[in-house]
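Working notes, structure below.
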Amino acid sequence: MKYIIANWKANKTLVEAENWIETFIAILNSNEKIKNSLINDKLTVIIAPPYPFIIPLKNKLGNQKNIFMGSQDLSSVEEGSYTGEVTAKTLSSLINYAMVGHSERRANFNETEEWIEKKIDLAKKHGIEPILCVRNNDDHIYDGVKFIAYEPPSSIGNGNNEDVSKVIDMKKRLSLKEGVKFIYGASVDGQNCQDYFKNSEIDGLLVGTASKDPNSFCSILEKV
Ligand code: PGA
């Protein structure tokens, strides 16, 4: 099984989000390769849009085998008087996966390990699978996390994807426990994705820029 995550980041209007999912569904319906990968448990797709688009996208998508909604983050607080926060409890009936600790949050919002640990605990408590994003082996790997996304910040969003050999070196340094899924994510596109798919040590890809367009995102899915 390969896990492919679409991380839209802070992009799109509602109309653009709806257009994306309509095109995505049309591609799924006509692309036998992607359909078969989903049906035969070779591919899991996780779509992580901005929060307000989770419900409309989920409704349009309906029940599709091995396609899930995710969030790009969640709150480190359980609930209560925390204006603006979106909690794991709020998200629990809407998503299956949540990204936690993305480098853009660590860098721009001073996200600390303390918060990240709380987010992971709350996600699990509310039945959401956390996908922990790490920049390198200095970031803490928490026990019980089943998905680790390695995202070297120097390779994010600039087309300079990291060589598979370096990605595998980092996987070794992360010393992941048996069964933990290892995902790579930085400047992945329809051209370079095959290098990662060929390597059985890499369980999936986290896609930012190339996920904004459903055609370029699906050009990755069809190569699984
Ligand atoms: P990118 O983003 O694909 O644009 O490099 C990846 C990410 O930050 O999740």
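Treat the numbers as computed from the prediction; the structure is a model and nothing was measured. Throughout, residue positions are numbered sequentially from 1 according to the sequence presented. Order of listing sets the numbers, starting from 1, for every ligand and every atom in it.
- Among all protein heavy atoms, the one lying closest to atom 2 (O) of ligand 1 is K9 NZ, 3.2 Å.
- Under a 3.5 Å cut-off, the side chain of Y51 and the backbone N or O of D73 do form a donor-acceptor pair.
- Close contacts of ligand 1 with A186, meaning ligand atoms under 4.0 Å from a residue heavy atom, involve 5 (O).
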> Going through the distances and angles, do I95 and F68 end up as a side chain to side chain contact (heavy atoms under 4.5 Å, CB included)?
Replying inline: CA-CA 7 Å; I95 58 170; F68 301 96; over 6 Å; no
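- Residues F147 and Y97 place their aromatic rings such that the two centres sit under 6.0 Å apart.
- Within the 4.5 Å cutoff, the side chain of M1 has no heavy atoms near those of the K181 side chain.
- Residue G157 has at least one N or O atom closer than 3.5 Å to an N or O atom of ligand 1.
- For atom 4 (O) of ligand 1, the closest heavy atom belonging to the protein is T209 OG1, 2.5 Å.
- The closest approach between a heavy atom of A210 and any atom of ligand 1 is not below 4.0 Å.
- Under the 4.0 angstrom criterion for non-hydrogen atoms, H102 is in contact with ligand 1.
- The backbone N or O of I27 lies less than 3.5 Å from no partner atom in the side chain of N31, so there is not a single donor-acceptor pair.
- Every atom of ligand 1 with a heavy atom of N7 under 4.0 Å away is listed here by number and element: 7 (C), 9 (O).
- For G208, a nitrogen or oxygen atom sits less than 3.5 Å from a nitrogen or oxygen atom of ligand 1, counting backbone and side chain alike.
- Near L206, the atoms of ligand 1 lying under 4.0 angstrom from a non-hydrogen atom of the residue are 9 (O).
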> Between Q72 and H102, is a side-chain hydrogen bond (donor to acceptor under 3.5 Å, both in side chains) present by the stated rule, with each step listed?
Replying inline: CA-CA 8 Å; Q72 300 168 19; H102 191 285; over 6 Å; no
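- Contact check on E113 versus R106 returns a salt bridge, with a Lys/Arg side-chain nitrogen under 4.0 Å from an Asp/Glu carboxylate oxygen.
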